[in-house]
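Atoms considered below: every heavy atom in the structure, side chains included; atoms not considered: hydrogens, waters and symmetry mates. Chain letters run A, B, ... following the sequence lines, proteins first, then strands; residues in each count from 1.
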Amino acid sequence: MTRRAFVEQIMGLPVSVHVRGPQAGFDEAATAVADLFAELRMIDAVFSTYRPDSRISALNRGEPVRDDLVDTVIDLCEQARERTDGYFDAHLPAPAGGTWFDPSGLVKGWAVERAAARLAGYESYVSAGGDMVLRGSWRVGIEDPARPDRMLTVLEVADCAVATSGPAHRGAHIIDPHVGAPASGLRSVTVLGPSLTWADVYATAAVARGPAAMRWLAGLAGYEALLVRDNGDLLATPGWPTRG
Amino acid sequence: MRRITLWLVTTVAVVVLLFSYRTSTMGASAPAAATAAGANAPGIVSGSTSDAAGAPPDDPTDTAPADPSSGTPSAAPTGAPTDAPTAAPRPTATTAAPKAASNLVVNGTVAQTRWGPVQVQVHISGNKITDVKTLQIPNGNNRDYEINSYAVPQLHDEVLQAQSANIDVVSGATVTSDGYIESLQAALDSAHFKG
């Protein structure tokens, strides 16, 4: 069966796109993937906190910003704060006091979900640094946070999103907003569900919340989660697919 | 009477010729299979079958058909004894097959990656993958070196851990661009890369 892979570095992440099946060989597939990458670069230009010319940087300088994408993200970040009991918060404490708005934790999943819509109708996946949108059935290896070259488990899942958060690759980069210190207790959280935006937000919030997040995750309709505790123990929500 | 003995001798010579012809082709096919396995042909290669393949090197039979072709009956006695030992190794080669079922060594097909051909050999013991060896990895330029030193050994570990080489994609805590080259995802991408 024809299968093509495309990789570009966008938002500081490797973005891997695989297209499979008879349509994968067509020029239309390559064009759709090129458009997908272009959309991600456009979103990065709007939201990058590293670029002084981005809308987000302008917003944080107190300049007036009129942009539908920015409005959408501000709205989603507010929803995310409410849905996670404040464990996901895009308003971070600024070094000089006060807060600044950094929606990066939500923008990545949202941007990939939005851009991946261009591959509707294709058996495909789009994975940005390990967070992905799947169309059709794929075998997903869940990385062992203690040994990133090994898998904890392999899932065969279709038409869904998978996001994993944890300090494994970037040091302790998730802050518990309630105590203002790096979160502890979980090595990684993988969330599986219909939307990458929310799977990613829930995974990030669960790491910030620690092992107590288990009960909260189990109550989220349509989403399942796998947690790895600091001692290596695995916890999963009741609906987590156990057969790969 | 002399005609009868002549007729007997010629029939014996013909029979010997026939026998020696059959054994010479069998003798030739066995070493051919052994050399094919040595060249990493895809398929099952068992440690026990490689021993059996080494047993029947019946090259002397190849000389047998050359002598009877001259028509002299003297070739008949020399051809007949060499016939017996060549038939013997045949059953041992077939009995090696069921023995291999509990302890299999399988060569994979050669996968053409962006950096060159990759072939692995999988060792299976009691339905468990016990080892994965790389038979062929690309080498030459610096790019190949990077792929060989990171991606291939990690694929090796992953196969052992997950008991499956059929992973399409990896979910993990955010892989940065710097860490990508070391990731299994890079190996998966390289296997299908067309961009």
Would you say A:Met132 and B:Val169 make side-chain contact, with heavy atoms under 4.5 Å?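 A:Met132 reaches B:Val169 side chain to side chain.
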Residues forming a side-chain hydrogen bond (donor to acceptor under 3.5 Å, both in side chains) with A:Thr31, sequence neighbours excluded: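 Testing A:Thr31 for side-chain hydrogen bond (donor to acceptor under 3.5 Å, both in side chains), a comparison that skips the adjacent residues, returns none.
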Which atom pairs, donor and acceptor, lie under 3.5 Å between side-chain atoms of residues 222-229 of chain A and protein residues at least two apart or in another chain?
residue: A:Tyr223; atom: OH; partner: A:Ser195; partner atom: N; Å: 3.3
residue: A:Glu224; atom: OE1; partner: A:Thr237; partner atom: OG1; Å: 2.5
residue: A:Glu224; atom: OE1; partner: A:Gly239; partner atom: N; Å: 3.1
residue: A:Glu224; atom: OE1; partner: A:Trp240; partner atom: N; Å: 3.4

Go through the atoms of A:Ala163 and report whether side chain, backbone, both or neither lie under 4.5 Å from a heavy atom of chain B.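 Backbone only.
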Count the heavy atoms belonging to other residues, nucleotides or ligands that lie under 6.0 Å from CG of A:Asp233, then report whether that count exceeds 12.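 More than 12 within 6.0 Å, yes.
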Taking B:Ser171 for the side chain and A:Gly130 for the main chain, is one N or O donor matched with an acceptor at less than 3.5 Å?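 Answer holds: yes.
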OG/A:Ser137 to CG/B:Asp168 distance, rounded to the nearest 0.5 angstrom?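 Going from OG on A:Ser137 over to CG on B:Asp168, the span is 8.0 Å.
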